[in-house]
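A short write-up of the structure that comes next.
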Number of protein chains: 2
Amino acid sequence: MSATFTAAVINAIRKELAVGISEQTPLSQTIGYRLIKVGEMVMETAEQVLAPTGIKPRHFNVLSTLSVDATLSQRELSTALGIDPNVMVDLIDELERQGFARRERSPVDRRRHIVVVTPKGKAVLTKAQAAVNEAEERVLGVLTSDQRQVLFEAAGVLLGLAPVPRAG
Amino acid sequence: MSATFTAAVINAIRKELAVGISEQTPLSQTIGYRLIKVGEMVMETAEQVLAPTGIKPRHFNVLSTLSVDATLSQRELSTALGIDPNVMVDLIDELERQGFARRERSPVDRRRHIVVVTPKGKAVLTKAQAAVNEAEERVLGVLTSDQRQVLFEAAGVLLGLAPVPRAG
DNA sequence: TATTGTTATACTCTATAACTATA
DNA sequence: TATAGTTATAGAGTATAACAATA
């Protein structure tokens, strides 16, 4: 039921996007244009499936990153996620307003604001992660597992990421 | 020389993007996040390699689309490219100001503005196309041809495009 | 009545620089 | 001096609705 709703949302997005990339234009036959449109589609999907949880992709990214390293400061989050520090201020403000995180002064360097995820923040992350996982499964479900693997690796190469950072 | 400059630009973009997607975050291990970042990288690359020609990706898209069907109206361009009609107004305004295109009333339906590409517009499209081709070759050059093929097809599937619209 | 193009408006995003407090 | 965070501001981009001309 929640799954059905998600599927409907994703199909609507794909349909909408497909119109915007009709074969009327030669651009649709270039890899570059397709990659841009796919990125937009994935972002739109993320926004829509996260909406019911009350957070946006950026908040999700912050919470997700903090779930692995809980000692990151605003500055470190900014550089890790490619978000400008002044934008990060508003982001953390919003997370604080919603009770999902709070700022704590670092004892060793009082300039730094460590961002601490609250239990409520952890709960919303769990829900959001499930929604994202389900959406990803659904969106990429039209691909073969070989295609998905190549997509993952090729994107990593394009972004200059180390291949398989954590083996086995 | 122009080629060297392009390579430097692209490497700079990849480096910048790579920072924004460091392995500090578990997001970098998801296909979705990678696809979003790849799309952003491709878009940034397009903007930078087109800059010397005086046009932006959207102007390029319009000119490119018109080069295949020269009878399109603003409305048709809007839907084909997924750009809002009110945005298309400014876009065509800019192309007119630069002497790359002009509006002509359709004789059969005077509401429609057919967008006509001028010789100057065709010239800039040729230059822009060359710049885009070279950039694409350079950016995707780090991939194997198998990877590129899968990327192209998988992106097409994700966007709901017909496979191989023009065979042979 | 409906559609094409246009204009106006408000809203969101982003980029830049200045400011503070700490180091 | 340099850095972390904050604030202010301006610019770009986007979405919405209203409007005139035409169908």
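Atoms considered below: every heavy atom in the structure, side chains included; atoms not considered: hydrogens, waters and symmetry mates. Predicted model, so just to flag it, every value in this text is computed and none were measured. Quick note on labels: first sequence line is chain A, next is B, and so on, each numbered from 1.
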Original post:
Can you pull the contact range of chain A along DNA chain D, 5' to 3', using atoms under 4.0 angstrom from its heavy atoms?
Top reply: D:dA2 to D:dT7
Original post:
To the nearest Å, how far apart are B:L77 CG and C:dG5 C1'?
Top reply: 13 Å
Original post:
In whole Å, what is the span from the CD atom of B:Q74 to the C1' atom of C:dT3?
Top reply: 13 Å
Original post:
How does protein contact run along nucleotides 11-17 of chain C, one letter per nucleotide 5' to 3', with B for base contact, S for sugar-phosphate only, - for none, heavy atoms under 4.0 Å?
Top reply: --SSBB-
Subject >> Audit row: A:T144, A:D146, side-chain hydrogen bond (donor to acceptor under 3.5 Å, both in side chains) steps and yes/no >> reply: CA-CA 5 Å; A:T144 69; A:D146 278 356; 5.4 Å; no
**OP:** Let me see the working for A:K56 and A:E47 under salt bridge (charged side-chain N to carboxylate O under 4.0 Å, His left out), right down to the final yes or no.
**Re:** CA-CA 6 Å; A:K56 297 183 178 175; A:E47 282 169 9; over 6 Å; no
Subject >> A:E94 and A:Q98: side chain donor to acceptor below 3.5 Å >> reply: no
**OP:** Would you kindly say whether B:Q74 and B:R112 are connected by a side-chain donor-acceptor distance under 3.5 Å?
**Re:** no
Subject >> Charged N-O contact under 4.0 Å between A:E136 and A:R138 >> reply: no
Subject >> Whole-Å distance separating the CG atom of B:L72 from the C1' atom of C:dT4 >> reply: 15 Å
Original post:
Among the clusters formed by ILVMFWY side chains lying less than 4.5 Å apart, do B:V38 and B:V150 turn up in the same one?
Top reply: no
**OP:** Find out if a path of hydrophobic residues (ILVMFWY) with successive side-chain heavy-atom gaps under 4.5 Å connects A:M41 to A:I36.
**Re:** yes
Original post:
Is there a residue in residues 100-113 of chain A whose heavy atoms reach under 4.0 Å of DNA chain C, and which residues are they?
Top reply: A:D109, A:R110, A:R111
Original post:
Are B:L95 and B:R102 side-chain neighbours, meaning at least one heavy-atom pair lies under 4.5 Å?
Top reply: no
Original post:
Judged by atom type as modelled, is there a donor-acceptor pair below 3.5 Å linking the side chain of A:R34 to the main-chain atoms of B:A155?
Top reply: no
Original post:
Heavy-atom distance under 4.5 Å between the side chains of B:E137 and B:N133, does that happen here?
Top reply: no
